[in-house]
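Chain letters run A, B, ... following the sequence lines, proteins first and then strands; every chain starts at 1.
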Number of protein chains: 2
Amino acid sequence: MNFSISEEDYIKAIYHLKGDKLSVATNDLAAELHTRPASVTDMLKKLAAKKLIHYQPYKGVMLNTEGRKIALGIVRRHRLWEYFLAEKLNFSWNEVHEVAEQLEHISSKKLIEKLDEYLGYPKFDPHGDPIPDHLGRMQATDHLPLTELPLDTPAVVNGVSDQSPEMLELLRRRNIAIGTVLEVKKKFGFDHSMEIKIKDTPVFIITEQLAQNIFVQYES
Amino acid sequence: MNFSISEEDYIKAIYHLKGDKLSVATNDLAAELHTRPASVTDMLKKLAAKKLIHYQPYKGVMLNTEGRKIALGIVRRHRLWEYFLAEKLNFSWNEVHEVAEQLEHISSKKLIEKLDEYLGYPKFDPHGDPIPDHLGRMQATDHLPLTELPLDTPAVVNGVSDQSPEMLELLRRRNIAIGTVLEVKKKFGFDHSMEIKIKDTPVFIITEQLAQNIFVQYES
DNA sequence: TTAATATTTTAGACAAACCTAAAAAAAGTT
DNA sequence: AACTTTTTTTAGGTTTGTCTAAAATATTAA
Ligand SMILES: [Mn+2]
Ligand SMILES: [Mn+2]
Ligand SMILES: [Mn+2]
Ligand SMILES: [Mn+2]
């Protein structure tokens with residue numbers, strides 16, 4: 001079956017609000033999609049009629065098996081296009097999301113498979129998020145929040161949870177990107193800020209708020 | 001200003017029916033767009049209100065300066081994507097049109113400029129049609145219909161006017177593509193069919209109908 | 001366990017883009 | 001010039017996706 005851009009955006013939003021596992025609230029969906037709760041209710045009825053979600057009035061919504069499959073397809077297209085924009089067209093990682101938001105809705109199976117092949121079957125998008133393969137499978141990521149990294153332990157940045165332009169700009173100023181190796185040198189109890197050391201550059205300080213949105217893994 | 005997919009499809013259709021120079025009929029637009037004349041009238045009123053066309057009831061429609069500019073932008077996007085699909089993703093030239101029909105509506109100035117740069121500023125799409133540059137200028141093409149090529153005169157195929165899958169399939173079978181060098185060896189008055197010679201392959205015959213849709217230029 | 005508050009749904013409207021059927025205008029024909 | 005046919009527009013609907021305001025339900029707090 002084929003879905004409208006709106007339908008796809010709702011499915012993806014449900015997925016991003018953990019709707020593949022947990023129940024998602026109408027209000028949260030409205031906030032995520034910048035629309036009104038009444039509009040969400042309308043769409044949920046439609047998606048339920050198309051058997052993509054499990055929905056009972058007042059009880060929230062969850063993707064069913066079919067809905068989850070559709071969601072993974074959209075996420076796959078979104079992240080492949082992000083990778084293309086960053087890798088081939090030299091977009092910076094804070095510019096890719098908005099354009100991918102449109103490209104993800106182009107419905108051509110062949111296009112996506114050819115693109116995937118052309119890109120060399122990438123496993124992660126420019127934000128460190130895993131790209132589902134053509135069967136919807138994706139690499140498990142071990143995402144340790146930077147706040148939980150022990151002191152003086154080198155680790156590699158492998159993801160960011162907030163992808164707003166504001167946050168990405170801040171990361172760029174601090175020279176933090178996917179793949180950057182860093183250590184936490186000190187944590188300050190007063191405001192939970194922390195000192196970060198990147199090789200060959202002076203130590204600097206980041207806030208707890210920023211640290212919570214950066215994920216790392218131990219060097220392998 | 002930003003335009004809907006429908007609005008863009010109408011503008012492009014007007015352009016393709018010579019609406020940058022001549023007046024285009026409501027019925028012809030309806031046929032081109034697979035819609036009803038009543039729907040066309042509705043949209044023409046809207047486009048006139050947006051000052052993209054010159055429209056007077058019962059008198060046909062023509063693009064104005066602004067409309068022409070928009071049309072060239074859409075054509076530019078369409079042909080750049082076609083080039084990308086054929087050149088980078090290895091689509092065959094009969095598959096590119098349908099996907100480009102969707103990609104052409106992605107509205108990001110930066111995307112198109114980066115894509116153009118990445119592709120090396122191509123001048124022609126896979127069907128031999130010229131690609132407008134970022135100012136809407138395009139290479140003049142000298143398109144001589146194959147029916148008018150003198151006998152025994154080598155010429156290069158530089159365009160096809162009908163881009164239906166049927167025609168493109170036929171061309172592929174005859175090993176005719178953009179860039180192919182060929183000669184007309186004989187014309188048969190009875191049905192106006194003609195003998196074609198391509199180097200290193202046996203002479204074969206094509207119908208007048210096919211020849212009318214193939215354009216060539218003298219070898220330079 | 002009742003009252004207050006927050007969340008969600010329903011009712012009724014609206015804009016965009018399409019449709020059919022009927023009316024109006026233009027073009028072609030005797 | 002009058003009649004016929006073709007083209008185009010108008011009138012009135014439908015579907016999709018949105019909205020506001022009001023009603024219904026669920027949650028939290030006294
Ligand atoms: Mn989207
Ligand atoms: Mn991403
Ligand atoms: Mn289109
Ligand atoms: Mn083309």
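- For the OP1/OP2 pair of dT9(D) and a distance below 4.0 Å, the side-chain nitrogens and oxygens of T41(B) include at least one atom meeting the criterion.
- OP1 or OP2 of dT9(D) has at least one side-chain nitrogen or oxygen of Y55(B) nearer than 4.0 Å.
- Only at 4.0 angstrom or more do the heavy atoms of residues 4-12 of chain B sit from any atom of DNA chain D, so none qualifies.
- Applying the salt bridge (charged side-chain N to carboxylate O under 4.0 Å, His left out) test to every pair with at least one member in residues 105-120 of chain B, sequence neighbours left out, gives these pairs: E95(A)-K110(B), R76(B)-E113(B), R76(B)-D116(B).
- Of the two residues near DNA chain D, K59(A) and M43(A), the one whose nearest nucleotide lies more 5' is M43(A).
- Residues satisfying the side-chain hydrogen bond (donor to acceptor under 3.5 Å, both in side chains) test with R173(A), not counting sequence neighbours, are none.
- Residue pairs that meet the ring-ring contact (aromatic ring centres under 6.0 Å, His included) test with at least one member in residues 94-118 of chain A, sequence neighbours left out, are H78(A)-H97(A).
- Between the side chains of Q217(B) and N158(B), a donor-acceptor pair is found at a separation under 3.5 Å.
- For the salt bridge (charged side-chain N to carboxylate O under 4.0 Å, His left out) condition, the pairs that include at least one residue of residues 121-131 of chain B, sequence neighbours left out, are R79(B)-D125(B).
- Across residues 15-38 of chain A, T35(A), R36(A), A38(A) each have a non-hydrogen atom less than 4.0 Å from an atom of DNA chain D (numbered order).
- Close to dT10(C), at under 4.0 Å from its OP1 or OP2, lies a side-chain N or O of K45(A).
- Under the 30°/60° scheme for interplanar angles, the aromatic rings of W81(B) and W81(A) are found to stand perpendicular.
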